Each structure stands twice: as structure tokens, then as C-alpha cells.
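Working notes, structure below.
Model, not experiment: these values are computed from the prediction.
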Amino acid sequence: MRCQYCGYLDSRVIDSRPTEEGTSIRRRRECLRCGRRFTTYEKIETSPVMVVKKDLRREPFSPEKIKSGLMHACQKRPVSVKDIDAIVEKVEKMVHSLGEDEISSRQIGEAVMEELKRLDEVAYVRFASVYRQFTDVSSFMDELNKLLTEGKKGDE
């Protein structure tokens, strides 16, 4: 690993530990030339997954797009950024665990909505209204009625 201070190519690892999320390893290193210390992170390289949109366009999978949509849906709701990040991480793991080169935007959207439904029903309806492109009040009411029916089944 190249020293960020003097550019020397050789260093030794002083300490190595997993990050809090367990998705990478943090290493403290010491340059063998100048003796200065620096931190590096080692992370598994994943192959890019392409998302197949409704119109059959393809674009790279982006956890940031999921987070942005969730932030909008959860605006002014009692949902923490930590909760949103947990949903994004769970969906990202699901996408990569499939081991496929492509995934439909529908699969991603459904996974996000399933997680959001458990967290906050109002945010879920907001997200669903954009994701499912409700065109009128009746389609919006259909989704609300479905949510209410599911809630009653869970109470029994």
C-alpha cells in the first residue's frame, strides 16, 4: 500500500479490525520509510448489478437512489436516518445475494415497500404512491384499503 505522505510502496499492518457494519476491514499501517501512520479500508469488490427499468432501459444499481426515495417518503415522519440506512443496506444485500447481473426495478421497489410497510405505514403509502404511479384517487384508496385489510388480519 502506497504511503499517502511520502509515496513509498511498502508498509506494515499495525492493527486490523472489522468495521462496525462488518462490511469492510480497517487497517492501521506504518510506512517503512517515513514511519508515519495511516488508515486503509479493505472491502469486497462486488460486480456491478444493472437495474432493468419498466421501459427496459438499464442503469447501474444505486443505493443512493433508494435512500433518496426513502428520505422523501419519510419526510416529517418519526423515522430516523439510521432506520432508512438499515432498509437501504438490507435491500442492497438482497440485490447482491441474488448473484445476478440484472434485477428488475419492480423487485427492488417491492423489497423497499415491504421493509417500509413494517416501519411506517404513512411513509409506505407515500412511497407506494410514487412507485406505483397512482393516477387517481381510486387507485390510492385501493392501496389504503389493502393496507387496512392486512392490518386487521394481523390483529386477529
* **Within 6.0 angstrom of Lys65 NZ, more than 12 heavy atoms from elsewhere** => no
* Other residues, nucleotides, ligands: >12 heavy atoms within 6.0 Å of Lys82 NZ -> no
How long is the straight-line distance from [atom2] of [Y] back to [atom1] of [X], given to the nearest 0.5 Å?
X: Phe127; Y: Cys74; atom1: CZ; atom2: SG; result: 9.5 Å
X: Cys3; Y: Leu32; atom1: SG; atom2: CG; result: 9.5 Å
X: Leu119; Y: Asp83; atom1: CG; atom2: CG; result: 5.0 Å
X: Ser129; Y: Tyr124; atom1: OG; atom2: OH; result: 10.5 Å
X: Arg17; Y: Ser24; atom1: CZ; atom2: OG; result: 12.5 Å
X: Arg77; Y: Glu121; atom1: CZ; atom2: CD; result: 9.5 Å

Is [X] salt-bridged to [Y], cutoff N-O under 4.0 Å?
X: Arg57; Y: Asp55; value: yes
X: Glu110; Y: Arg106; value: no
X: Arg26; Y: Glu42; value: no
X: Glu30; Y: Arg36; value: no

* For the student: nearest non-hydrogen atoms of Cys31 and Phe38, plus distance -> N-CE2, 4.2 Å
* Which atoms form the tightest heavy-atom contact between Arg2 and Gly7, and what is the distance? -> NH1-O, 3.1 Å
* side-chain contact (heavy atoms from CB on, under 4.5 Å) assessment of Arg126 paired with Val122 -> CA-CA 6 Å; Arg126 287 178 177 172; Val122 172; 4.1 Å; yes
Backbone N or O of [Y] within a donor-acceptor pair of the [X] side chain at under 3.5 Å?
X: Ser97; Y: Met94; value: yes
X: Thr149; Y: Asn145; value: yes
X: Gln107; Y: Ser104; value: yes

* **Flag side-chain contact, heavy atom, 4.5 Å: Glu102 against Arg58** => yes
* Partners of Asp10 by salt bridge (charged side-chain N to carboxylate O under 4.0 Å, His left out), sequence neighbours excluded? -> none
Does one hydrophobic cluster hold both [X] and [Y], with members joined at side-chain heavy-atom distances below 4.5 Å?
X: Met1; Y: Tyr5; value: yes
X: Ile66; Y: Leu98; value: yes
X: Val112; Y: Val52; value: no
X: Val88; Y: Met71; value: yes
X: Val81; Y: Leu116; value: yes

* Asked: Other hydrophobic cluster members with Val13, side-chain heavy atoms of Ile/Leu/Val/Met/Phe/Trp/Tyr under 4.5 Å, chained?
  -> none
* Indicate whether any N or O donor in one side chain lies under 3.5 Å from an N or O acceptor in the other, for Arg29 and Thr39. => no
* Asked: Side chains of Thr40 and Arg27: do they bring a donor and an acceptor to under 3.5 Å?
  -> no
* To do: Go through the steps to decide whether His96 and Val49 satisfy the test side-chain contact (heavy atoms from CB on, under 4.5 Å), and finish with yes or no.
  => CA-CA 8 Å; His96 289 294; Val49 176; 3.9 Å; yes
